[in-house]
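None of these values were measured; they are calculated from a predicted model.
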Amino acid sequence: MNAFFLDILQQYGYPALWLIIFVAAAGAPIPVSLLLFASGAFSALGDFNIFILFPVVLSASVMGDSLGYLLGRRLGAVLLAWLERRKRFRWITLPALAQSQAYFKKGGGWAIFMTRVLFSALGGTINLVAGLEQYPYRSFLLWDVLGEALGAIIPLSLGYAFAETWEEAAGLFGAFSGLILALLAAIVFSFLLVKKIRQRRLASTVTAEVSDTPQVLESQTEYDTSDSLLIPQKRP
């Protein structure tokens with residue numbers, strides 16, 4: 001597949017590059033990072049102009065991301081309604097969706113930015129989720145442009161600088177991205193695990209306090225009753 005796209009890139013140039021990146025940004029599983037490294041290397045060899053490559057890549061990426069966002073925003077409600085009718089997706093409820101929207105509003109910008117710079121394979125999914133969660137398009141566009149700009153400069157520059165060994169440079173960059181992703185996944189898993197343990201401890205503490213409360217009330221009632229027997233009654 002990589003050889004196929006590289007052959008198309010060499011034959012048809014900028015239009016082919018724009019179309020491939022647009023389709024990939026919309027959600028198609030295409031190795032865009034490899035194509036950007038190759039484009040940078042080809043520009044060093046004289047096949048492309050590095051200053052033309054950047055606006056071509058940026059415009060295609062942003063427009064493809066916007067299409068994915070629009071699909072998530074328009075078709076998200078229909079998809080959720082279908083999932084709610086399925087028994088295997090009973091965990092999808094209105095409170096769960098509200099909580100998901102709150103989380104995405106807090107950290108959605110960084111998720112959009114990082115999937116443009118390091119984790120491009122997750123970009124299409126994040127676009128759909130952003131639209132589904134009704135994330136403001138202006139904020140989405142801001143983070144998307146910033147991330148795509150940096151996500152284009154890095155591989156194009158590295159491919160241009162290491163033109164003769166661009167495939168090795170692309171492999172090292174992919175390995176670095178995978179390492180960062182694994183590290184972030186481990187941090188998130190550890191955070192969720194610690195949070196779950198704390199919630200269980202808190203729940204057990206509250207349960208213990210609630211179970212001890214009737215005994216305390218019962219002992220207080222007996223004490224009050226015994227005290228009332230010591231109070232002399234008035235004779236008529």
List, one per line, each side-chain donor-acceptor pair under 3.5 Å for residues 36-57, sequence neighbours excluded.
from: S39; atom 1: OG; to: L35; atom 2: O; distance (Å): 2.8
from: S43; atom 1: OG; to: S39; atom 2: O; distance (Å): 3.4
from: S43; atom 1: OG; to: G40; atom 2: O; distance (Å): 2.5
from: N49; atom 1: OD1; to: F51; atom 2: N; distance (Å): 2.9

* Test side-chain contact (heavy atoms from CB on, under 4.5 Å) applied to Y12 and L19, step by step -> CA-CA 11 Å; Y12 300 101; L19 183 59; over 6 Å; no
* Could you please spell out the steps behind the side-chain contact (heavy atoms from CB on, under 4.5 Å) verdict for V145 and L141? => CA-CA 6 Å; V145 171; L141 186 61; 4.1 Å; yes
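Legend: residues meeting side-chain contact (heavy atoms from CB on, under 4.5 Å) with L70, ordered by chain and number and at least two apart, are R74. With sequence neighbours left out, the side-chain contact (heavy atoms from CB on, under 4.5 Å) criterion links S139 to Y135, P136. Considering only residues two or more places apart in sequence or on other chains, A28 meets the side-chain contact (heavy atoms from CB on, under 4.5 Å) condition with V23, I30. In this structure Y137 satisfies the ring-ring contact (aromatic ring centres under 6.0 Å, His included) test together with Y69, sequence neighbours excluded. With sequence neighbours excluded, the residues that form a side chain to side chain donor-acceptor pair (under 3.5 Å) with S59 are W18.
Minimum interatomic distance between A16 and I8 (heavy atoms only, all atoms of both residues): CB-CG2, 3.7 Å. Summarising the geometry of I112 relative to F140, their closest heavy-atom pair is CD1-CD1, 3.4 Å, with the distance given to 0.1 Å.
Rounded to the nearest 0.5 angstrom, I21 CD1 and L17 CG are separated by 4.0 Å. Distance CG/L128 to CG/L132: 8.5 Å, rounded to 0.5 Å.
Every pair passing side chain to side chain donor-acceptor pair (under 3.5 Å) that includes a residue from residues 144-153 is listed here, sequence neighbours excluded: R116-D144. Counting only residues at least two apart or on different chains, no salt bridge (charged side-chain N to carboxylate O under 4.0 Å, His left out) pair has a member in residues 27-40. Judged as a side chain to side chain donor-acceptor pair (under 3.5 Å), not a single pair has a partner in residues 23-32 (not counting sequence neighbours).
Around the OH atom of Y160, the shell of radius 6.0 Å holds no more than 12 heavy atoms that belong to other residues, nucleotides or ligands.
Of the possible donor and acceptor atoms, one in the side chain of N127 sits under 3.5 Å from a partner among the backbone N and O of A25.
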